[in-house]
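Here the structure is laid out as structure tokens; the discussion comes afterwards.
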Amino acid sequence: MAADLLGPVEIRELAARLGVQPTKKLGQNFVHDPNTVRRIVSAAGLTSADVALEVGPGLGSLTLGLLPVAGHVHAVELDPVLAGALPATVQRHAGPAGAARLTVHPADALRITAGDLGEPAPTALVANLPYNVAVPVVLHLLAEVPGLRRGLVMVQKEVADRLVAGPGSRTYGVPSVKLAWYADARSAGRVPPNVFWPVPNVDSGLVAFTRREPPRTDVPRQRVFAVVDAAFAQRRKTLRAALAGWAGGPDRAAAALVAAGVDPGARGESLTVGQFAAIAASAPVAAPAAE
């Protein structure tokens, strides 16, 4: 049975009842348009076999859209007032059946692990992510919750463009490569500002991703990410120069690049995640790793 979704009036009334005023510090922009919620849920393509992980459920707009289609929903909410109020909101709008399929975790999504979430284990990340922590949250959850097979996240449009960018693109960078380590990602559409309260001054974008095996298994992810961070810290420099500090000198960087089959005169923005992994695999033993 479909849940009773929250509209603009219900959102503001609920916030007033809880004494909640959206804060920029927590990146709180609440979706108040039921059609947008339906669009996100539809694009996520969940079935009753899926266990959804929602980060930042806020007042419960998207939660109410997820509950009728997912087998279970884990909602991770940092704000203790919102976390405490969510079960009652779900009970009121989705009934006892909806409430029984919800687990609320009053926690920081940047610290939570698969063990913290418990059973049933999440299989899909579907969330309206706070703009200020969107990329770290996605990467942290993919690293810590291996059962996540796919996801659909709403983020700032500029961030969405970076996450789905490919080599050679002007927006290709650290977020693009690190997400590509875990998953294939694509743009799933644009979301206008007027569906949020308060109204942000930027558009949002939907990013869909499907997990796949990493490009290599013979080199640790942390070592690959250290190469990526170094390459883009000075993205205008050639890789020979940009990776000098990481490798212990420009000559050692050049040697690692040649061994990996990469032109030392190339720049990071032209490389695939597989090429970054090859560089890491060819790295001097003393080269540092990154988290």
Side-chain angles (χ1 to χ4, degrees), residues 27 29 40 43 125 127-143 150-193 196 199-212 214-216 221-247 250 253-254 256-258 260-280 290-291:
N29 295 92
I40 294 170
L125 173 64
N128 168 27
L129 293 174
Y131 287 169
N132 53 345
V133 294
V135 171
V137 164
V138 170
L139 296 177
H140 171 78
L141 292 174
L142 283 169
R150 57 201 172 94
L152 184 84
V153 294
M154 182 159 56
V155 297
Q156 185 176 340
K157 182 63 170 59
E158 181 182 346
V159 174
D161 291 342
R162 289 175 182 167
L163 286 171
V164 303
S169 165
R170 205 159 46 99
T171 52
Y172 185 68
V174 172
S176 325
V177 183
K178 290 185 177 179
L179 180 56
W181 173 265
Y182 297 104
D184 293 315
R186 62 177 176 82
S187 173
R190 182 187 294 260
V191 180
F196 297 96
V199 178
N201 56 9
V202 293
D203 281 2
S204 296
L206 297 174
V207 174
F209 62 84
T210 304
R211 191 192 285 266
R212 55 171 172 72
R216 294 182 69 143
R221 166 178 54 84
Q222 293 87 346
R223 186 170 292 276
V224 178
F225 284 9
V227 179
V228 174
D229 289 337
F232 286 101
Q234 305 175 79
R235 66 182 296 153
R236 290 185 177 275
K237 291 190 175 183
T238 65
L239 287 168
R240 182 181 189 275
L243 298 182
W246 162 80
L257 288 160
V258 170
V262 176
D263 178 2
R267 291 178 170 79
E269 62 198 27
S270 67
L271 268 60
T272 65
V273 65
Q275 289 175 301
F276 279 112
I279 296 168
E291 292 301 323

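- Here S187 pairs with nothing under the side-chain hydrogen bond (donor to acceptor under 3.5 Å, both in side chains) rule; sequence neighbours left out.
- Inter-residue side-chain proximity for L142 and L125 is flagged as unmet; no heavy-atom pair is nearer than 4.5 Å.
- The two residues G173 and F232 make their nearest non-hydrogen contact at CA-CE2, 3.7 Å.
- Here the side chains of L163 and F209 are not in contact, with every heavy-atom distance at 4.5 Å or above.
- In this structure, D203 CG and Q156 CD are separated by 9.5 Å, a value rounded to the nearest 0.5 Å.
- Take Y172 and apply the side-chain hydrogen bond (donor to acceptor under 3.5 Å, both in side chains) test, not counting sequence neighbours, and it matches no residue.
- Salt-bridge check for K178 with D229: passed, with a basic side-chain N closer than 4.0 Å to an acidic carboxylate O.
- To the nearest 0.5 angstrom, R186 atom CZ is 7.0 Å from T210 atom OG1.
- Taking all atoms of both residues into account, the shortest heavy-atom contact from S270 to P167 is O-CB, 3.9 Å.
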Derivation of the side-chain contact (heavy atoms from CB on, under 4.5 Å) call for V138 and V207: CA-CA 11 Å; V138 170; V207 174; over 6 Å; no
Any chance you could lay out the side-chain contact (heavy atoms from CB on, under 4.5 Å) test for I279 and L257, step after step, and finish with the verdict? CA-CA 6 Å; I279 296 168; L257 288 160; 3.5 Å; yes
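- Shortest non-hydrogen contact noted between P250 and A244 is N-CB, 3.6 Å.
- The backbone N or O of A180 lies less than 3.5 Å from a partner atom in the side chain of R212, making a donor-acceptor pair.
- Taking 4.5 Å as the limit, every side-chain heavy atom of N201 sits out of range of all side-chain heavy atoms of P193.
- Within the 4.5 Å cutoff, side-chain heavy atoms of I40 are placed close to those of M154.
- Considering CG of L141 and OH of Y182, their distance stands at 10.0 Å, rounded to 0.5 Å.
- Across all their heavy atoms, R235 and R170 have their closest contact at NH2-O, 3.9 Å.
- In this structure, the separation between CG on D184 and CZ on R150 is 14.0 Å, given to the nearest 0.5 Å.
- The two residues P264 and T238 have their closest heavy-atom pair at O-CB, 3.6 Å.
- The structure places CG of N29 at 12.0 Å from CG of L129, a figure rounded to the nearest 0.5 Å.
- Across all their heavy atoms, R267 and R236 have their closest contact at NE-O, 2.7 Å.
- Judged by distance alone, the side chain of S176 and the main-chain N or O of R162 form a donor-acceptor pair under 3.5 Å.
- Put simply, CD on Q275 and CZ on R216 are 11.5 Å apart, with the number rounded to the nearest 0.5 Å.
- The aromatic rings of F225 and W181 sit perpendicular to each other, their planes meeting at more than 60°, with 30° as the lower class boundary.
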